[in-house]
Amino acid sequence: MGSTTHECGSRTVSEQVEAETPIDRGGYDFNVMQAKWRPVWEKLDPFKARDDGSAERRYALTMFSYPSGDLHMGHAEVFALHDLLSRYWFQKGYDVLNPIGWDSFGLPAENAAIKRNEHPATYTYANIETQAESIRRYGMSFDWSRRLHTSDPEYYKWTQWLFLRFYERGLAYRKASFVNWCPYDQTVLANEQVIQGRCERCGHEVTKRELTQWYFKTTEYAQRLLDDMELLQWPEEILLMQRNWIGRSEGAFANFQVEGRDEPIKVFTTRPDTLFGATFMVVAPDAKLAAELVTPDQQAAFDEYLTAVKSTTEIERLSTERDKTGVFLGSYAINPVTGERIQIWAADYVLADYGTGAIMAVPGQDTRDWEFAEKFGLPIVRTVQPSADFEGKAYTGEGPAINSANDEISLDGLGVDQAKARIIDWLDSKGLGERTINYRLRDWLLSRQRFWGAPIPIIHCPACGEVPVPDDQLPMELPDLRGADLAPKGVSPLAADREWVEVDCPKCGGKAERDTDTMDTFVDSSWYFLRYLSPEYTDGPYDPAAAERWMSVYQYVGGKEHAVLHLLYARFFVKALHDMGLLSVVEPFTRLLNQGQVINQGKSMSKSLGNGVNLGDQIDLYGVDAVRLTMVFAGPPADDIDWADMSPGGSLKFLQRAWRLAGSVEAPLGSDPSTGDVELRRITHRTIADSAELIDSMRFNVMVARIMELVNATRKAIDAGPGAADPAVREAVETVAVLLSLVAPYTAEDMWETLGYEPTVAKAGWPEVDPALLVQDTVTCVVQIAGKVRDRLEVAPDIGDADLEQLALASDAIQKALDGRGVRKVIVRAPKLVNVVPA
RNA sequence: GCGGCUCUGGCCCAAUUGGGAGAGGCGCCUGGCUUAGGACCAGGAGGUUCAGGGUUCGAGUCCCUGGAGCCGCACCA
């Protein structure tokens, strides 16, 4: 840890604010600039998407915000990076769509409403206004005319409409399953609301409860979600996380006959080659199958076990040290290849919702099965020969099959892959099994027993069953509940409002009830990027023609915490919409940038650690531009930024230095740069060309360094070179203003005005590069002997290999270093390098 | 446990993708300007590129082994 860190650790943020005294910035006053330019930009409104075909369209999107409070340091980073890209495309002349909105449904607003005895909307929309104001101050180039909030009835009307389209196609359905349950709050919790096995609200241990819930059939799209990854220019890390999450695994189904039962047990296995070693079976205790297979004399034991399993807390379940538990069901199956009679057990290490909820247990080749067999005294047979030095228990590695033969088939001696193929063919021919692919991905549980979300537009009628709310009755609006109405009381808040619940069935007109669940907020965010395209559209969730023009999103910027949630759900949504004929693209986001986190002193900021940095304080201290610049300059965008290691004061100093250049320019507006100093012009044009390349490859920190070099060179040219009146100086400073406009819009705008232009610099246009100025007269060639530099030569950039070799060998320094040794080999990489290998 | 990413001057980070170890910033030091300065200007010091091995004419970069840190998944049959 550096000294800066220690210093910060001993002072609070507010003390730092007080310690800083106003200093003379040579006329540079960010507060004045921020006050001056914001109203001008708001009047000019330069960032509205034109959508008139006048230029190539480009859709730039940043993950919309959850209105939990004011903006924080994380927003400041993602916005700075996103805005840099958007402003770059504006400068390049693209027709950029850069919308903003709010993900405004969700639990925190509901909790706040209970505490304050008010409606969640009060808290939500107040926070939205606070954030909107902060975003405007931050100088973001958003097209505000497309602003949306997912909690507006005009928005969630279409969320409901889309749900119904999924429902019609069987992609939304209801089923009973075990879900996270908080016994204290008497409510279901989403996975993300379970923190290390405890309820995020009350801290009580979470258990499981069987409830009927709504699901989206994401599993149906598992393979396509995998396949279409090749269309995406996303960080490999995120694609990998999605691949792992989807968890494709190749294997086989195998059927096991059960004594006294017609229906065989079907299992999924990735190791069909070990079938001869299947010495018992295990079914998930919470699967229907378990209840069906239990014999009367084992009923009591099973019931006891099931009760225990249900009350097992997440904390226990997640423990890796946990002993295997289980109970014998009393039934027997027949191993289809050995003919052995094998016991059927129930154990919670088998999951009800993966595969078929039942496994063949092969202790010889599976660690978990070995543990279980050992504990309960079940037989173990090795069917793969472990390597000679193997000393462990279950052997999961490669090796020849053993003990794997019957009258009809033998796998003995075959390697794992060959044995798999052979046994699958055999099972197939006997009708006992088949090759198959299984996925780890589960269907998306979308219902929540919460108030502040989009109500599920289904009516339950005793006569007609599930009846969709007719489209023309959408939105199915939330009732006006507030304060104590929303407090947990065992049923969802909507269910408690009988007046809201009781409706006439749209089909038969009889008495019926509304569904009382609301949708997961990830449903809202799975299509918001489509609503932006035509936020006023009333004939559907979005105008298909607009979608045709703008989709897919060219660049999406946001945090990687959504790697397998939002980003996967949105991909699923777009594919489903495509299949419905509502969208021609199959992927929502072509390119993805995941920014790192802003941390402090090596740890993420938190109240309990007391290491939070307040964005507003930082902006008061250093100004918007310096904060933005610090975010961009900190390092590669994907890396975390430790604020304790950053120097926003240094960023401010640089901005001031750049800003002063504008006041130094003496060449009049419109002077011809071609008459200016060539050396400075080379640097200017090199900087423009490099900046474009660096932005395209997302190396924004390096681009800032290049701008700094240009500023340094320009200052030098003014003070100790061709002087302030040289047109090349004006060209350089104008370039600085335009490049800087991507990161520091206020400073750049002020410079632009000083240079004699009308606002806004944001649309000045990307400066044109003169290719002639990028060519160098000479380059330095390094001459090495055995890889060590021994001489440098100034040569023409187009020098040939042979000439260069001759020149290098003729060098005094080289001849001296060779010291009479012969030359074995010469490697020439004209014009930069020659390596002489001595004999 | 499995998987991924990262490691370069005191600190944040560059390095034309296998070719000169250093672009930029912070900090530090010296000098100038200054009543003074944390402002401005000029200059400077500082590294066994985490360790070891390999490939190569040549390795910060590629491969292997190990270390440290961060992150994801975690009884998925």
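Residue numbers begin at 1 in each chain, while the letters A, B, ... track the order of the sequences.
With both ends at atom P, the span from B/C63 to B/U56 equals 16 Å, rounded to whole Å. Taking atom C1' in both B/C12 and B/A23, the straight-line distance is 14 Å, to the nearest Å. Separating the C1' atom of B/U6 from that of B/G43 is a span of 35 Å, rounded to the nearest Å. The P atoms of B/C26 and B/A39 are separated by 9 Å, rounded to the nearest whole Å. Between the P atoms of B/G66 and B/G24, the separation comes to 39 Å (whole Å). A gap of 26 Å separates the P atoms of B/C71 and B/A77, to the nearest Å. Comparing B/U48 with B/G44, their C1' atoms sit 24 Å apart, to the nearest whole Å. Nucleotides B/A21 and B/U49, compared at atom C1', are 8 Å apart to the nearest Å.
For A/Tyr354, there are no ring-ring contact (aromatic ring centres under 6.0 Å, His included) partners two or more places apart in sequence or in a different chain. Considering only residues two or more places apart in sequence or on other chains, A/Arg442 meets the salt bridge (Lys or Arg N to Asp or Glu O under 4.0 Å) condition with A/Asp353. For the salt bridge (Lys or Arg N to Asp or Glu O under 4.0 Å) test, no residue two or more places apart in sequence or in another chain qualifies with A/Lys716. Taking A/Lys560 as the reference, A/Glu237, A/Ile238, A/Asn594 meet the side-chain contact (heavy atoms from CB on, under 4.5 Å) condition, with sequence neighbours excluded. For A/Lys375, the salt bridge (Lys or Arg N to Asp or Glu O under 4.0 Å) partners at least two apart in sequence or on another chain are A/Asp323.
With B/C40, B/G19, B/A77 as the choices, the nucleotide that has an atom nearest any side-chain atom of A/Leu833 turns out to be B/G19. The side chain of A/Asp348 approaches B/C75 more closely than any other nucleotide in the set B/G20, B/C75, B/A77. For A/Arg715, the listed nucleotide lying nearest its side chain is B/C41; candidates were B/A77, B/G20, B/C41. The side chain of A/Lys653 approaches B/C40 more closely than any other nucleotide in the set B/C41, B/C40, B/A77. Listed nucleotides B/C41, B/A77, B/G24 differ in distance to A/Phe633; the shortest reach to its side chain belongs to B/G24. Checking B/A77, B/C13, B/A21 against every side-chain atom of A/Tyr354, the shortest atom distance belongs to B/A77. The side chain of A/Lys716 sits closest to B/G43 out of B/G43, B/C26, B/G20. Nearest to the side chain of A/Met646, among B/C12, B/A14, B/G20, sits B/C12.
If you check residues 705-713 of chain A against RNA chain B, the residues with a heavy atom closer than 4.0 Å are A/Ala705, A/Met708, A/Glu709, A/Asn712, listed by number.
Atom CD1 of A/Ile683 and atom P of B/G24 are 12 Å apart (whole Å). Put simply, CZ on A/Arg660 is 6 Å from P on B/C40, counting in whole angstrom units. Atom-to-atom, CD of A/Glu805 to P of B/G19 comes out at 20 Å; the value is rounded to the nearest Å. Look at CG on A/Leu629: it is 13 Å from C1' on B/C12, rounded to the nearest Å. One can place CG of A/Asp639 at 14 Å from P of B/C71, the figure rounded to the nearest angstrom. Atom P of nucleotide B/G4 and atom CG of A/Asn594 are separated by 18 Å, given to the nearest angstrom. Rounded to an integer number of Å, the gap from A/Asp642 CG to B/C12 P is 9 Å. Atom-to-atom, CG of A/Asn244 to C1' of B/G72 comes out at 8 Å; the value is rounded to the nearest Å.
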Extract all donor-acceptor atom pairs below 3.5 Å that involve side chains of residues 780-791 of chain A and protein atoms in other chains or at least two apart in sequence.
unit_1, atom_1, unit_2, atom_2, d
A/Thr780, OG1, A/Glu794, OE2, 2.9
A/Asp791, OD2, A/Ser811, OG, 2.7

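Here A/Val350 lies in heavy-atom contact (under 4.0 Å) with a base. Contact annotation for A/Arg790: no contact, since no heavy-atom pair falls under 4.0 Å across all strands. Looking at heavy-atom distances under 4.0 Å, A/Ser651 makes no contact with the nucleic acid at all.
For the pair A/Ile342/A/Met281, a side-chain contact is recorded, criterion being any heavy-atom separation below 4.5 Å from C-beta on. Between A/Ile641 and A/Ile599, every side-chain heavy-atom pair lies at or beyond the 4.5 Å cut-off.
Of the nucleotides present, B/C29 is the one that pairs with B/G43 by Watson-Crick or G-U wobble criteria, both distances under 3.5 Å. Pairing for B/U16 is absent, with no Watson-Crick or G-U wobble pair whose two atom distances lie under 3.5 Å. Across all strands shown, B/G60 remains unpaired; no Watson-Crick or G-U wobble contact has both distances below 3.5 Å. Applying the Watson-Crick and G-U wobble criteria (two distances, each under 3.5 Å), B/U48 pairs with nothing in any strand. Here B/G69 sits opposite B/C5 as a Watson-Crick or G-U wobble pair (both hydrogen-bonding atom distances under 3.5 Å).
Where A/Glu371 and A/Gly650 each meet RNA chain B at their nearest nucleotide, the meeting point lying more 5' is that of A/Gly650. The 5' end of RNA chain B is approached more closely, in terms of each residue's nearest nucleotide, by A/Leu694 than by the other of A/Met360 and A/Leu694.
Judged by atom type and distance alone, A/Lys324 reaches the base of B/C75 through a side-chain donor-acceptor pair under 3.5 Å.
Residues A/Trp444 and A/Tyr215 place their aromatic rings such that the two centres sit no closer than 6.0 Å.
Taking the six-membered ring where the residue is Trp, A/Phe376 and A/Trp345 present tilted rings, their angle falling between 30° and 60°. Classification of the A/His566-A/His562 ring pair by plane angle, with boundaries at 30° and 60°, yields perpendicular.
B/U65 adopts an anti glycosidic conformation, its chi angle falling more than 90° from 0.
A cation-pi geometry, defined here as NZ or CZ lying under 6.0 Å from the six-membered ring centre and within 45° of its normal, holds between A/Lys324 and A/Tyr349.
Judged as a salt bridge (charged side-chain N to carboxylate O under 4.0 Å, His left out), the pairs with a partner in residues 686-695 of chain A (not counting sequence neighbours) are, in order, A/Arg686-A/Asp690, A/Asp690-A/Arg706.
Applying the 4.0 Å criterion to OP1 and OP2 of B/A74, one finds that A/Arg440 has a side-chain N or O inside that range. Taking side-chain N and O atoms only, A/Arg699 has a distance below 4.0 Å to OP1 or OP2 of B/A15. For the pair A/Asn701 and B/G25, the criterion of a side-chain N or O lying under 4.0 Å from OP1 or OP2 is not met.
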Contact string for nucleotides 55-65 of chain B, one letter per nucleotide 5' to 3', B = base within protein heavy-atom range under 4.0 Å, S = sugar-phosphate only, - = neither, reads --BS-------

